[in-house]
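Have a look at the structure below, then the notes.
For the single chain, residues carry numbers from 1 onward in sequence order.
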Amino acid sequence: MVEAMVQRDLWKETPAVKGRIARYWDSRSESFKEQRDAELHSEQHQLWEQELLSHLPQDRSLRILDVGCGCGFFTLMLAEHGHRVTGIDLTGSMIRKGRELAQEYGVAADLRVMDAEHPDFSDDTFDAIVTRNLTWTLPHPAEAYEEWIRVLKPGGILLNYDAEHAKYHRRNGLEGEEAHRMLSGAQMDECMNIYRMLPISGWKRPDWDVCILKQMGCREVTVDDRIGEKLYLHESAFSVPYPIFLIKAVKA
């Protein structure tokens, strides 16, 4: 086991910590829906659509899990292409806002309140799992990876888009960043507090993720650390001023 895996076992959060994380995202649900609605109407919709579909089989409808779906950006986009998508998020208000968006867009999507670290699905359920900007927020990311691989079918694809959010913001703060312009001062402070209390904030990523996924027996574990250049052609309310990466893995 790598050092980070050992650290995971030594650090056990109390229910209050996860509740605190849920409350933070709950406080952002209204503005988050507004941002996702705007993003769905922007050029990012087509860019993300092309990116996601480029990794998925095109000859059939897939069963897809969108983990940490927020207000359902990926969920709605993939459902529009005929895939059977289930979106899960820890925060009930995010799911409610996602259901509102789905209704507004006329898209059938299954959105549920559920813990990303403990998805309540049978083994080998999904053809693909997609997630964006989630892993860095998890108290036990290795356990989450174990569960995601469990619910994937053999040959299933994991697409994880994330970044070193915490490391950047611990150096530079959140003020002045376009993507966080809708946050209040109290929300910015709480976001920074959450950064500091999660062990993953100090790990080297995506190297850690690749090591964990390979240990779990995944094949074709790859990283695209320039994906942000393809998806964000210019600075906007949806981009961040630091690299995002794609971790792709296939279940053996």
Side-chain angles (χ1 to χ4, degrees), residues 4 7-8 21 24-25 28 31-32 35-36 38-39 42-45 47-52 54-55 66-74 77 89-91 94 116-117 129-142 144-145 148 157-183 187-188 190-213 221-249:
Q7 289 176 323
R8 177 207 66 175
I21 294 169
Y24 166 75
W25 289 106
R28 290 187 58 182
S31 63
F32 210 77
Q35 283 183 312
R36 299 293 73 77
E39 192 173 15
S42 75
E43 65 177 343
Q44 298 305 134
H45 185 144
L47 291 169
W48 273 110
E49 187 175 62
Q50 292 172 345
E51 164 61 21
L52 291 172
S54 72
H55 296 286
D66 180 5
V67 186
C69 65
C71 294
F73 182 69
F74 280 179
M77 192 180 302
D89 199 278
L90 182 65
T91 309
M94 286 285 189
E117 295 183 349
I129 291 177
V130 296
T131 185
R132 178 171 76 151
N133 296 334
L134 170 73
T135 317
W136 71 272
T137 72
L138 299 176
H140 306 115
Y145 273 133
W148 300 349
I157 298 167
L158 168 66
L159 301 175
N160 183 357
Y161 299 87
D162 208 1
E164 293 272 41
H165 299 285
K167 288 183 180 178
Y168 177 85
H169 291 307
R170 285 195 302 196
R171 291 194 305 269
N172 301 282
L174 296 169
E175 294 81 358
E177 188 176 316
E178 182 65 18
H180 292 97
R181 63 182 174 81
M182 303 176 87
L183 270 66
Q187 287 172 324
M188 289 185 185
E190 181 65 354
C191 187
M192 296 301 294
N193 290 332
I194 290 171
Y195 287 149
R196 295 185 185 100
M197 69 182 170
L198 296 177
I200 194 172
S201 298
W203 301 346
K204 184 180 180 182
R205 305 184 63 215
D207 295 1
W208 174 84
D209 307 72
V210 170
C211 185
I212 288 292
L213 288 166
V221 182
T222 59
V223 171
D224 183 349
D225 57 7
R226 305 191 68 177
I227 191 66
E229 298 173 16
K230 305 171 190 175
L231 291 168
Y232 301 105
L233 305 181
H234 51 78
E235 186 176 346
S236 72
F238 315 117
S239 63
V240 293
Y242 46 90
I244 67 170
F245 48 79
L246 162 63
I247 304 162
K248 180 178 180 180

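The shortest side-chain heavy-atom distance between Val130 and Val67 does not fall under the 4.5 Å cut-off. Trp148 places a side-chain heavy atom less than 4.5 Å from the side chain of Thr131. Taking 4.5 Å as the limit, every side-chain heavy atom of Pro141 sits out of range of all side-chain heavy atoms of Trp136. For the pair Leu159 and Ile129, the minimum side-chain heavy-atom distance is 4.5 Å or more. Here the side chains of Arg196 and Ser201 are not in contact, with every heavy-atom distance at 4.5 Å or above. Counting only heavy atoms from C-beta outward, the side chains of Glu39 and His45 never approach each other to under 4.5 Å. Side-chain contact check for Lys248 versus Val221: every heavy-atom pair is 4.5 Å or farther apart.
A centroid separation of less than 6.0 Å is found between the aromatic rings of Tyr242 and His165. Between Tyr161 and Trp48, the distance separating the two ring centers is shorter than 6.0 angstrom.
Evaluation of the salt bridge (charged side-chain N to carboxylate O under 4.0 Å, His left out) rule for Glu190 yields Arg20 as partners, not counting sequence neighbours. Here Gln44 pairs with nothing under the side chain to side chain donor-acceptor pair (under 3.5 Å) rule; sequence neighbours left out. Under the salt bridge (charged side-chain N to carboxylate O under 4.0 Å, His left out) criterion, Glu43 pairs with no residue, sequence neighbours left out. Every residue two or more places apart in sequence or in another chain that forms a salt bridge (charged side-chain N to carboxylate O under 4.0 Å, His left out) with Arg205 is listed here: Asp162, Asp209. For the side chain to side chain donor-acceptor pair (under 3.5 Å) test, no residue two or more places apart in sequence or in another chain qualifies with Gln50. A search for side-chain contact (heavy atoms from CB on, under 4.5 Å) contacts involving Thr137 returns Trp25, Leu134, not counting sequence neighbours. Here Asp225 pairs with nothing under the side chain to side chain donor-acceptor pair (under 3.5 Å) rule; sequence neighbours left out.
With rounding to the nearest 0.5 Å, the separation of CD1 in Ile247 from CD1 in Ile212 is 11.0 Å. We find the CD1-OG1 distance between Ile21 and Thr91 to be 9.5 Å, quoted to the nearest 0.5 Å. Rounding to the nearest 0.5 angstrom, the gap separating the CZ atom in Phe238 from the CZ atom in Phe73 is 8.0 Å. Met197 contributes atom CE, which lies 7.5 Å from atom CG of Asn193 (distance to the nearest 0.5 angstrom). One finds the CD atom of Glu164 at 8.0 Å from the CD1 atom of Ile200 (value rounded to the nearest 0.5 Å). Going from atom CG of Leu52 over to atom CD1 of Ile157 covers 11.0 Å, rounded to the nearest 0.5 Å.
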For this session: Please step through side-chain contact (heavy atoms from CB on, under 4.5 Å) for the pair Leu158 and Leu213, ending with a clear verdict.
Result: CA-CA 10 Å; Leu158 168 66; Leu213 288 166; 4.1 Å; yes
For this session: Evaluate the side-chain contact (heavy atoms from CB on, under 4.5 Å) criterion for residues Leu198 and Leu138: first the C-alpha distance (whole Å), next the side-chain angles of each, then the deciding distance (0.1 Å), finally the verdict.
Result: CA-CA 7 Å; Leu198 296 177; Leu138 299 176; over 6 Å; no
Exercise. Leu246 and His55: side-chain contact (heavy atoms from CB on, under 4.5 Å), yes or no, with the steps?
Worked result: CA-CA 11 Å; Leu246 162 63; His55 296 286; 3.6 Å; yes
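For the pair Ala144 and Ala116, the tightest heavy-atom approach, listed with the atom from each and the gap, is CB-O, 4.2 Å. Between Ala163 and Pro243, the closest heavy-atom pair is CB-O, 3.4 Å. Scanning all heavy atoms of the two residues, the minimum distance from Gln35 to Ala237 falls at NE2-O, 4.4 Å. Closest non-hydrogen pair, Ala142 versus Trp208, comes out as N-CH2, 3.7 Å. Scanning all heavy atoms of the two residues, the minimum distance from Pro139 to Pro199 falls at O-CD, 4.4 Å.
For Ser239 (side chain) and Tyr232 (main-chain N/O), no donor-acceptor pair under 3.5 Å exists by modelled atom type. With hydrogens and angles ignored, the 3.5 Å screen pairs a side-chain donor or acceptor of Asp89 with a backbone N or O of Gly70.
In summary, Asp224 and Lys230 engage in a salt bridge, as defined by a charged side-chain N under 4.0 Å from a carboxylate O.
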